[in-house]
Number of protein chains: 2
Amino acid sequence: MHAQEPALNPREQTILHAVVHSYITTAEPVGSRTVVKRFGLELSPATVRNTMADLEEMGYLQQVHTSSGRVPTDQGYRYYVDYLMRVQELTEAERQRIEFEYTQKLNDADDVLRQTSHLLALITHQAGIAEAPNASSASVRRIELMPVSHERMAVLIVDNFGRVRSMLVQMEEALNGDRLSTLSNFLNEQLRGVAVHDLASTLNSRLKMFLDEQRRLAEHALQVLNLMPSTRAGQVYLEGATLLFEQPEFRDIDRAREVFGLFEERDRLVDLLRSAVGEAEQARGTVIIGAELHEKGLEGISVIASPYHLDGRAVGAIGVLGPRRMPYQRLTAIVDYTATMVSRILTRLGG
Amino acid sequence: MHAQEPALNPREQTILHAVVHSYITTAEPVGSRTVVKRFGLELSPATVRNTMADLEEMGYLQQVHTSSGRVPTDQGYRYYVDYLMRVQELTEAERQRIEFEYTQKLNDADDVLRQTSHLLALITHQAGIAEAPNASSASVRRIELMPVSHERMAVLIVDNFGRVRSMLVQMEEALNGDRLSTLSNFLNEQLRGVAVHDLASTLNSRLKMFLDEQRRLAEHALQVLNLMPSTRAGQVYLEGATLLFEQPEFRDIDRAREVFGLFEERDRLVDLLRSAVGEAEQARGTVIIGAELHEKGLEGISVIASPYHLDGRAVGAIGVLGPRRMPYQRLTAIVDYTATMVSRILTRLGG
DNA sequence: GTTAGCACTCCCTAATCGTGAGTGCTAAAT
DNA sequence: ATTTAGCACTCACGATTAGGGAGTGCTAAC
């Protein structure tokens with residue numbers, strides 16, 4: 001998308017880096033004096049001013065008002081993230097901290113991702129987001145039918161993430177135990193390994209192949225499957241939303257309101273995360289800055305996201321959400337590392 | 001708690017009522033002129049002023065600063081709610097609206113309560129809260145054991161609210177199908193109807209009664225039950241939190257932060273709701289105002305809560321949370337009515 | 001190409017000052 | 001004995017002003 005970024009000369013790079021870095025840590029517009037002092041440059045403020053004016057003209061910096069210090073634009077952050085920042089690898093302590101958080105009893109993928117959102121919030125001090133493995137990559141490991149009362153039964157599906165989906169379905173006719181177990185066996189034979197969200201279509205397409213007894217079973221099974229509510233939308237865990245209140249950019253109620261509005265619409269949140277990791281199909285995480293989100297009202301925020309994998313396939317994503325002014329060099333490393341942890345744990349869980 | 005409320009004479013009541021009512025609708029301190037004008041009293045402002053000074057002395061009203069209009073205190077709201085307000089019954093349209101929201105497909109109690117929090121937020125324009133039936137009132141309707149892999153199995157418990165709890169447990173020794181179904185039958189015979197949160201203790205207490213084969217089964221079952229994670233804490237649904245931003249009392253970031261902090265601690269939210277309905281064991285809803293919550297930082301908010309029932313027992317609660325300045329006369333009716341709806345639907349579901 | 005010097009811009013804060021809503025008090029009216 | 005009119009007083013709020021400070025752009029010297 002930003003393929004041939006106009007090249008900046010070394011001095012411009014140094015100064016852009018300094019401005020972004022300084023602004024990220026202090027949240028104050030950065031003046032020329034500050035740049036030379038805090039970064040020990042062998043230049044005078046006047047020279048820096050000239051360069052800063054150039055950077056502004058090229059769209060990397062911006063003044064909040066005439067004759068104030070400079071602040072990075074989206075483009076400035078982008079250049080910083082892509083070319084300037086030195087990714088700050090985790091310390092051994094941080095690594096151990098993260099691994100420690102996963103030593104708790106985690107029964108299924110949902111537990112793992114809930115814990116992940118918690119962990120991300122805690123360690124990054126931003127809002128932590130974790131999407132549960134998406135329905136299209138969940139496959140059936142086992143199906144069970146379980147009578148609950150005369151006219152109702154529970155359909156239970158354990159998927160390859162250890163999660164149990166359960167649905168109560170109304171039966172038209174009472175099924176005796178034998179019939180039920182026959183049906184159950186049939187479903188397991190036919191549908192093991194099939195993706196959860198196209199059970200019915202799979203069975204349907206095989207319908208012609210069956211004869212007699214099998215066909216009757218299949219038709220009966222289809223009735224049941226069709227009664228199932230459509231698989232729930234992408235589940236997403238969010239934690240640490242209130243941490244955002246500590247950032248000065250959210251002192252403004254109306255901005256805060258926008259973000260919290262997003263947090264209540266879980267679907268949008270999932271979309272955001274997916275489009276973030278979707279844009280770059282790579283294993284590494286992605287950073288999406290401000291207007292790049294293409295979300296009205298969320299121009300002030302950034303998202304750092306990273307996909308996690310099972311059997312080499314990306315099946316979901318995790319990340320953090322916070323103000324544009326984020327310590328990217330630290331957070332990208334944390335999010336990436338956490339994503340690999342999630343992958344590893346899910347693999348163990350799926351074994 | 002407020003047993004012998006000092007009696008107010010009719011005029012004091014009228015004026016307190018007027019002040020509270022006016023403040024609730026306008027969010028502005030109420031002056032003596034406003035009272036006579038907006039409520040068409042046959043009194044002069046001066047008289048009203050005298051009475052207001054009396055009410056202030058008695059603790060029902062308060063001035064935000066010398067020589068400003070009056071604002072109700074907690075005690076003022078309390079008197080209003082307990083003695084003055086006329087509960088505003090729902091219109092037929094509102095009734096139908098609520099019932100309509102429950103015509104959607106609701107599979108189990110969790111669905112019902114999620115929908116309830118949504119509905120309450122929508123219709124009251126406050127934050128809607130709904131606690132899922134608490135674990136102590138959930139009893140086992142059926143237990144199923146389901147092998148998932150060689151060394152793991154899923155324990156599935158359907159409760160009387162139609163909910164399925166599932167846990168994966170590690171097995172020490174592989175169980176063949178026969179052994180598993182024997183165990184499963186045994187569990188169902190022994191534990192049907194027992195409260196979910198004391199399955200293990202029930203079985204334990206009966207242990208002496210068993211002989212030989214039964215005893216071995218029971219011991220095996222206990223191993224399994226003890227591996228189960230302790231039943232999750234009270235699940236609670238919350239929706240419409242961002243609606244609070246529209247209220248002027250939450251223009252102040254720090255106050256907003258307190259409340260949103262509460263919203264992230266679901267346990268505290270459950271406690272709040274429980275203590276609210278717990279204080280008065282009655283079927284009707286309760287109103288808890290400001291400092292009565294005994295929660296630091298939440299002096300500015302009120303909660304209206306109402307329990308819902310199954311088989312005559314209160315098994316959970318729903319409610320709304322918002323600024324102290326709330327249209328109680330309307331909201332109490334809505335919350336109460338919704339609670340009876342929830343009771344009705346759960347009964348149907350549990351049939 | 002770099003830097004010192006300087007005038008200029010604009011935010012921020014504090015201080016000042018009406019204005020208006022609302023009060024408490026007193027004395028007159030009912 | 002209440003109730004009310006009259007009046008001086010209080011205090012928040014908004015607009016205005018002034019001073020200080022951080023930072024800029026530009027020009028001219030290095």
Side-chain angles (χ1 to χ4, degrees), chain A residues 8-16 18-73 76 248-249 251-252, chain B residues 8-16 18-23 25-73 76 248-249 251-252 325:
Chain A
L8 297 184
N9 67 40
R11 172 175 300 165
E12 285 162 347
Q13 291 196 3
T14 309
I15 290 175
L16 178 56
V19 172
V20 175
H21 191 82
S22 171
Y23 185 63
I24 282 175
T25 52
T26 66
E28 296 290 332
V30 186
S32 51
R33 248 182 84 84
T34 319
V35 169
V36 296
K37 252 179 46 184
R38 283 181 39 115
F39 294 85
L41 298 191
E42 303 280 303
L43 289 171
S44 76
T47 313
V48 172
R49 275 205 288 284
N50 286 329
T51 309
M52 280 166 89
D54 293 345
L55 285 168
E56 175 158 9
E57 213 168 312
M58 290 186 279
Y60 294 96
L61 296 179
Q62 184 183 359
Q63 283 177 298
V64 11
H65 61 85
T66 347
S67 84
S68 78
R70 286 345 197 267
V71 158
T73 60
E249 23 272 282
R251 304 293 312 178
D252 175 29
Chain B
L8 297 183
N9 66 41
R11 173 176 298 165
E12 286 163 347
Q13 294 197 0
T14 310
I15 288 175
L16 178 56
V19 172
V20 176
H21 191 82
S22 172
Y23 185 64
T25 52
T26 66
E28 298 288 333
V30 187
S32 52
R33 249 182 81 84
T34 318
V35 169
V36 294
K37 252 177 52 180
R38 282 181 41 113
F39 294 83
L41 299 191
E42 302 281 302
L43 290 170
S44 76
T47 313
V48 173
R49 275 205 289 283
N50 286 327
T51 309
M52 280 166 90
D54 293 346
L55 285 169
E56 176 159 8
E57 214 169 311
M58 289 186 278
Y60 295 96
L61 296 179
Q62 183 183 2
Q63 281 178 299
V64 10
H65 61 88
T66 347
S67 84
S68 78
R70 293 329 202 275
V71 158
T73 60
E249 22 270 282
R251 304 296 309 180
D252 175 27
R325 186 186 56 74

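Just so it is clear: chains get the letters A, B, ... in the order the sequence lines come, proteins before strands, and each one is counted from 1. Only this structure's heavy atoms are used, side chains among them; waters, hydrogens and symmetry mates stay out.
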Do any side-chain nitrogens or oxygens of [X] fall under 4.0 Å of OP1 or OP2 in [N]?
X	N	value
B:Thr47	D:dT4	yes
A:Ser32	D:dT24	yes
A:Arg11	C:dT2	yes
A:Arg70	D:dG25	yes
A:Thr66	C:dC10	yes

Gap separating the [atom1] atom of [X] from the [atom2] atom of [Y], nearest 0.5 angstrom:
X	Y	atom1	atom2	value
A:Gln62	A:Arg70	CD	CZ	10.5 Å
B:Leu43	B:Ser32	CG	OG	11.0 Å
B:Phe39	B:Thr14	CZ	OG1	10.5 Å
A:His21	A:Arg38	NE2	CZ	7.0 Å

Rounded to whole Å, how long is the line connecting atom [atom1] of [X] with atom [atom2] of [N]?
X	N	atom1	atom2	answer
A:Leu43	C:dA4	CG	C1'	15 Å
A:Asn50	D:dG25	CG	C1'	9 Å
A:Tyr23	D:dG23	OH	C1'	16 Å
A:Leu61	D:dG23	CG	P	15 Å
B:Met52	C:dA21	CE	C1'	12 Å
A:Gln63	C:dC8	CD	C1'	13 Å
A:Arg33	C:dA4	CZ	P	12 Å
A:Glu57	D:dT24	CD	C1'	15 Å

- Please answer whether the main-chain N or O of A:Ser22 pairs with a side-chain N or O of A:Thr26 as donor and acceptor at a distance below 3.5 Å. yes
- Contact nearer the 5' end of DNA chain D, comparing B:Ser44 with B:His65: B:Ser44
Please determine, for the side chain of [X], which listed nucleotide ([options]) has the closest atom?
X	options	answer
B:Ala46	C:dT3, D:dG23, D:dA5	D:dA5
A:Arg49	D:dG23, D:dC26, C:dT23	D:dC26
B:Ser67	C:dT3, D:dA12, C:dG22	C:dG22

